[in-house]
**Q** 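Dropping the structure in here first, questions after.
In this text, all values refer to a predicted model and were calculated from it rather than measured experimentally.
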Amino acid sequence: MGTQESYPIDVASIREDFPILDRKVGGDIETPGEGPDDTRPLVYLDNAATSHTPDPVVDSIVDYYRGYNSNVHRGIHHLSQEASVAYEEAHDCVAEFIGAEGREEVVFTKNTTEAMNLVAYAWGLAELGPGDTVVLTEMEHHASLVTWQQIAKKTGASVEYVRVDEDGRLDMDHAAELIDDSTAMVSVVHVSNTLGTVVPVADLADLAHDHDAHIFVDGAQSVPTRPVDVGEIDADFLAFSGHKMLGPTGIGVLYGKEHLLEEMQPYLYGGEMIRSVTYEDSTWEDLPWKFEAGTPVIAQGIALEAAIDYLDSVGMENVQAHEDLLAEYAYDRLSAFDDIEIYGPPGDDRGGLVAFNLEGVHAHDLSSILNDHGVAIRAGDHCTQPLHDKLGVPASTRASFYIYNTTEEIDALVDAVDDARQLFA
């Protein structure tokens with residue numbers, strides 16, 4: 001394990017496109033890489049929070065600003081037309097990547113959270129009322145849980161939660177009990193950002209549609225890491241973020257079935273999303289532009305296409321295979337210690353992350369020690385506070401992997417955890 005031949009992808013070649021991975025850390029954060037204490041090789045295992053960005057994606061941003069920087073859909077001049085074409089083609093690229101019917105079903109947002117809020121406000125406020133139920137799961141990210149919770153308060157609807165069993169899997173029998181004729185929306189995470197659980201969203205979609213309900217899939221942790229086809233899972237809505245899949249921050253995607261987006265009223269009003277305006281009334285632009293008010297995320301959208309091109313060159317099946325390999329390896333290595341508790345299903349049945357706690361050591365303290373070893377992970381409740389309450393812990397330590405990570409880096413993580421064990425012994 002650990003040799004290039006063991007991986008389903010050419011990790012060594014991929015790492016060459018990420019110069020940040022060559023950084024040394026440990027010194028003054030105000031003078032990064034310049035001080036004598038910057039001696040520790042960076043081991044970046046915080047990819048569920050945000051991934052790094054390869055040179056081709058960075059180059060696409062530079063090319064836009066240096067070559068054809070202009071607003072879209074507003075000018076007849078050459079630069080505006082060139083930018084408009086590139087921006088529209090980015091929508092086409094995303095549509096093809098997730099199996100959507102076309103750009104009309106792809107709305108660019110700031111992030112997954114904004115995409116959630118767009119549907120919650122544009123659809124939820126209009127469609128939900130007393131007697132309606134929104135079904136979530138106990139492992140939802142706050143972006144879904146808090147959003148639907150607050151919309152339910154505004155509309156008089158209720159929220160129900162599908163249980164998570166002791167192994168960290170979704171209780172599908174309980175889901176079948178909760179999803180009934182009162183259900184209007186099922187909003188569910190595809191891959192849990194805490195447990196790593198891969199949720200059978202296609203089965204949940206069948207349950208929802210059997211009761212004339214819609215399903216919203218939170219794809220923040222799935223779209224970057226595995227093949228996702230909205231047609232195959234029959235999602236009514238799907239959301240994900242570019243910064244978790246080699247793209248820049250500030251770009252997210254809302255997929256929605258065209259007929260649903262057509263029926264929804266805009267979430268934001270202003271320039272670009274209108275067709276005509278009088279002092280008395282306004283009409284809206286065609287999809288997807290009626291949901292992209294104001295100057296949109298032009299450079300970010302173009303860069304997202306470059307990120308998708310990069311992932312396509314690797315192959316999403318290979319991305320998933322590499323993540324599975326790393327997750328299983330990390331699970332097995334950490335499971336060897338009897339004072340480490342790992343949350344979620346076994347390592348051969350999870351997404352590319354492992355959340356755990358070292359007995360007697362708070363997750364924040366462990367994270368600080370790992371940082372001293374150059375190992376970057378996340379510690380906290382990972383925006384799943386109710387789930388952590390259910391687990392009976394205030395926080396956990398999470399290592400998450402991507403296409404440029406190696407088993408040697410997981411070994412570095414385990415060695416650093418072992419050093420922490422000795423320190424607190």
**Q** Take Tyr343 and Val393 through the test side chain to side chain contact (heavy atoms under 4.5 Å, CB included) and record every step on the way to the result.
**A** CA-CA 11 Å; Tyr343 307 104; Val393 294; 3.4 Å; yes
**Q** Before accepting this row, confirm whether a basic side-chain N of the pair Glu285/Lys290 lies closer than 4.0 Å to the acidic partner's carboxylate O.
**A**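 Result for this pair is no, no salt bridge flagged.
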**Q** Is Glu105 close to Pro288 at the side-chain level, that is, under 4.5 Å between some pair of heavy atoms?
**A**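 No, every pair of side-chain atoms sits at 4.5 Å or beyond.
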**Q** Applying side-chain hydrogen bond (donor to acceptor under 3.5 Å, both in side chains), name anything that partners Trp148, two or more places apart in sequence or on another chain.
**A**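 Result, side-chain hydrogen bond (donor to acceptor under 3.5 Å, both in side chains) vs Trp148: Ser187.
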**Q** Sub-3.5 Å donor-acceptor pair from the side chain of Ser51 to the main-chain atoms of Leu246, do we have one?
**A**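 Such a contact is found between Ser51 side chain and Leu246 backbone.
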**Q** Once side-chain hydrogen bond (donor to acceptor under 3.5 Å, both in side chains) is applied, do any residues pair with Arg103, and if so which ones, sequence neighbours excluded?
**A**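 Arg103 satisfies side-chain hydrogen bond (donor to acceptor under 3.5 Å, both in side chains) with Glu88, Asp92 once adjacent residues are dropped.
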**Q** Within a radius of less than 6.0 Å around CD of Glu263, do more than 12 heavy atoms belonging to other residues, nucleotides or ligands occur?
**A**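 Result for CD/Glu263: enclosed.
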**Q** Check whether the side chains of Tyr87 and Glu292 place a donor and an acceptor atom closer than 3.5 Å, and report yes or no.
**A**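 Yes, a side-chain donor-acceptor pair sits under 3.5 Å.
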**Q** Testing Tyr269, Tyr267, Phe291, Trp289 for ring-ring contact (aromatic ring centres under 6.0 Å, His included) with Trp284, which one passes?
**A**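 Going through Tyr269, Tyr267, Phe291, Trp289 one by one, the ring-ring contact (aromatic ring centres under 6.0 Å, His included) with Trp284 is satisfied by Tyr269 alone.
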**Q** If you compare all heavy atoms of Lys244 against all heavy atoms of Ala49, which two are closest, and at what distance to 0.1 Å?
**A**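 Distance-wise, the nearest heavy atoms are NZ-O, 3.1 Å.
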**Q** Taking all non-hydrogen atoms of both residues into account, name the closest pair between Phe401 and Ala327 and its distance.
**A**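 Looking at all heavy atoms of both residues, the closest pair is CE1-CA, 3.9 Å.
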**Q** Which class fits the ring pair His364 and His362: parallel under 30°, tilted 30 to 60°, perpendicular over 60°?
**A**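 Aromatic pair His364/His362 classed tilted.
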**Q** Passes side chain to side chain contact (heavy atoms under 4.5 Å, CB included), Val25 versus Arg40? Steps please.
**A** CA-CA 5 Å; Val25 295; Arg40 299 170 184 83; 4.3 Å; yes
**Q** Test your reading of the model: is there a side-chain donor-acceptor pair from Glu138 to the backbone of Val164, 3.5 Å cut-off?
**A**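 A pair under 3.5 Å: yes.
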**Q** Where is the tightest heavy-atom contact between Pro56 and Ala306, given as atom of each residue plus distance?
**A**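 Shortest heavy-atom contact: O-CB, 4.3 Å.
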**Q** Regarding Ser400 and Asn47, is there a side-chain donor-to-acceptor distance under 3.5 Å anywhere?
**A**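 No, because no side-chain N or O of Ser400 sits under 3.5 Å from a partner of the opposite role on Asn47.
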**Q** Using side-chain heavy atoms (C-beta onward) and a distance below 4.5 Å, is Ile14 in contact with Ile9?
**A**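 Touching, per the 4.5 Å side-chain cut-off.
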**Q** Any side-chain heavy atom of Val135 within less than 4.5 Å of one from Val188?
**A**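 Side-chain contact under 4.5 Å: no.
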**Q** Are a donor atom and an acceptor atom from the side chains of Thr137 and Glu140 found within less than 3.5 Å of each other?
**A**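 Checked: Thr137/Glu140 side chains pair up, N/O donor to acceptor below 3.5 Å.
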**Q** Tell me which pairs pass side chain to side chain donor-acceptor pair (under 3.5 Å) where either residue lies in residues 365-377, with sequence neighbours left out.
**A**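 Of all non-adjacent pairs touching residues 365-377, those that pass side chain to side chain donor-acceptor pair (under 3.5 Å) are His373-Asp419.
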**Q** Please, which pairs that meet ring pair (Phe, Tyr, Trp, His ring centres under 6.0 Å) have at least one residue in residues 219-263, sequence neighbours excluded?
**A**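 The answer is Phe216-Phe237.
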**Q** Treating His322 as the side-chain partner and Asn405 as the backbone partner, does any N or O pair qualify as donor plus acceptor under 3.5 Å?
**A**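 Yes, because the side chain of His322 sits within donor-acceptor range (under 3.5 Å) of the backbone of Asn405.
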**Q** Please report the shortest heavy-atom distance between Asp236 and Ala213, naming the atom on each side.
**A**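 Nearest heavy atoms, Asp236 then Ala213: OD2-O, 4.2 Å.
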**Q** Report the residues that fulfil side-chain hydrogen bond (donor to acceptor under 3.5 Å, both in side chains) with Ser313, sequence neighbours left out, ordered by chain and then residue number.
**A**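 Once residues adjacent in sequence are excluded, Ser313 has no partner under the side-chain hydrogen bond (donor to acceptor under 3.5 Å, both in side chains) criterion.
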**Q** Are Thr407 and Tyr7 close enough that a side-chain donor and a side-chain acceptor fall under 3.5 Å?
**A**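 A pair is found: one side chain offers a donor N or O, the other an acceptor, under 3.5 Å apart.
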**Q** Sequence neighbours excluded, which residues qualify as side-chain hydrogen bond (donor to acceptor under 3.5 Å, both in side chains) partners of Tyr121?
**A**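 By the side-chain hydrogen bond (donor to acceptor under 3.5 Å, both in side chains) rule, Tyr121 matches no residue at all.
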**Q** Using modelled atom types only, decide if a donor and an acceptor are shared between the side chain of Ser241 and the backbone of Thr112 within a distance under 3.5 Å.
**A**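 Yes, the answer is positive, given that a donor and an acceptor are paired below the 3.5 Å cut-off.
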**Q** Measure from the side-chain N and O atoms of Ser80 to the backbone N and O of Ile76, and report whether any donor-acceptor pair falls under 3.5 Å.
**A**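 Checked: no pair found.
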**Q** Within a strict 4.5 Å, meaning less than it, do heavy atoms of the Leu413 and Leu45 side chains meet?
**A**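 With C-beta onward as the side chain, the pair touches.
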**Q** Verify, without hydrogens or angle tests, whether Asp418 (side chain) and Val414 (backbone) share a donor-acceptor contact under 3.5 angstrom.
**A**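 No.
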**Q** Check Asp309 against Cys93 and note the closest heavy-atom contact, atom names and distance.
**A**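 So the two residues come closest at OD1-SG, 4.1 Å.
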**Q** Quick one: which residue pairs count as a salt bridge (Lys or Arg N to Asp or Glu O under 4.0 Å) with a foot in residues 340-360, not counting sequence neighbours?
**A**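 Checked against salt bridge (Lys or Arg N to Asp or Glu O under 4.0 Å) - neighbours excluded - the pairs reaching residues 340-360 are Arg169-Asp349.
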**Q** Do His382 and His141 have their ring centres less than 6.0 Å from each other?
**A**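 No, the ring centres sit 6.0 Å or more apart.
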**Q** With a distance cut-off below 6.0 Å to the six-membered ring centre and an angular limit of 45° from the axis, does Arg398 pair with Phe356 as a cation-pi contact?
**A**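 Geometry flag: not set, cation outside 6.0 Å or 45°.
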**Q** Are the side chain of Thr283 and the backbone N or O of Ser276 linked by a donor-acceptor pair below 3.5 Å?
**A**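 Checked: pair present.
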**Q** Check step by step if side-chain hydrogen bond (donor to acceptor under 3.5 Å, both in side chains) holds for Ser144 and Asp218.
**A** CA-CA 8 Å; Ser144 172; Asp218 174 358; 6.0 Å; no
**Q** Could you tell me whether a side-chain N or O of Ser84 sits under 3.5 Å from a main-chain N or O of His73, the two making a donor and an acceptor?
**A**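 Side chain of Ser84 to backbone of His73, a donor-acceptor pair under 3.5 Å: yes, one is there.
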**Q** Backbone N or O of Met316 within a donor-acceptor pair of the Gln320 side chain at under 3.5 Å?
**A**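 Not a single qualifying donor-acceptor pair exists.
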**Q** Measure across Leu311 and Val319 and return the closest heavy-atom pair with its distance rounded to 0.1 Å.
**A**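 Where Leu311 meets Val319 most closely, the heavy atoms are CD2-CG2, 4.3 Å.
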**Q** State, with a plain yes or no, whether a side-chain heavy atom of Met185 is found less than 4.5 Å away from one of Ile215.
**A**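 They are not in contact (no side-chain heavy atoms under 4.5 Å apart), so the answer is no.
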**Q** Treating Glu114 as the side-chain partner and Lys110 as the backbone partner, does any N or O pair qualify as donor plus acceptor under 3.5 Å?
**A**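 It does hold such a pair.
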**Q** Can you list the residues that meet the salt bridge (charged side-chain N to carboxylate O under 4.0 Å, His left out) rule with Arg23, with sequence neighbours excluded?
**A**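 Not a single residue meets the salt bridge (charged side-chain N to carboxylate O under 4.0 Å, His left out) criterion with Arg23.
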**Q** Are any of the side-chain nitrogens in Arg378 or Asp46 under 4.0 Å away from the carboxylate oxygens of its partner?
**A**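 Answer for the salt bridge query: no.
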**Q** Does any part of the side chain of Tyr44, heavy atoms only, come nearer than 4.5 Å to the side chain of Thr50, both counted from C-beta?
**A**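 Yes; the side chains approach each other to less than 4.5 Å.
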**Q** Please report the C-alpha distance between Val11 and Ile403 in whole Å, then the side-chain angles of each, then the deciding distance to 0.1 Å, and finally whether the side chain to side chain contact (heavy atoms under 4.5 Å, CB included) criterion is met.
**A** CA-CA 7 Å; Val11 179; Ile403 56 175; over 6 Å; no
**Q** Show every side chain to side chain donor-acceptor pair (under 3.5 Å) that has at least one partner inside residues 192-207, sequence neighbours left out.
**A**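 Sorted result for residues 192-207: Thr194-Thr384.
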**Q** Sequence neighbours left out, what pairs pass salt bridge (Lys or Arg N to Asp or Glu O under 4.0 Å) with at least one residue falling in residues 48-77?
**A**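 Non-adjacent pairs meeting salt bridge (Lys or Arg N to Asp or Glu O under 4.0 Å): Arg74-Glu272.
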**Q** Any side-chain heavy atom of Thr53 sitting closer than 4.5 Å to one from Phe18?
**A**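 No, side chains not in contact.
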**Q** For Asp286, give me all partners under salt bridge (charged side-chain N to carboxylate O under 4.0 Å, His left out), at least two apart in sequence or on another chain.
**A**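 Listed in chain order: Arg275.
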**Q** Can you tell if the side chain of Ile340 reaches within under 4.5 Å of the side chain of Arg421, non-hydrogen atoms only?
**A**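 Side-chain contact under 4.5 Å: yes.
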**Q** Show the numbers, then the answer: is there a side chain to side chain contact (heavy atoms under 4.5 Å, CB included) between Phe108 and Gln300?
**A** CA-CA 9 Å; Phe108 283 175; Gln300 295 93 328; over 6 Å; no
**Q** Is the count of non-hydrogen atoms from other residues, nucleotides or ligands lying under 6.0 Å from Lys390 atom NZ greater than 12?
**A**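 Yes - once you tally the heavy atoms of other residues, nucleotides and ligands closer than 6.0 Å, there are more than 12.
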**Q** Going by salt bridge (charged side-chain N to carboxylate O under 4.0 Å, His left out), name the residues that satisfy it together with Glu409, two or more places apart in sequence or in a different chain.
**A**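 Only Arg15 meet the salt bridge (charged side-chain N to carboxylate O under 4.0 Å, His left out) criterion with Glu409.
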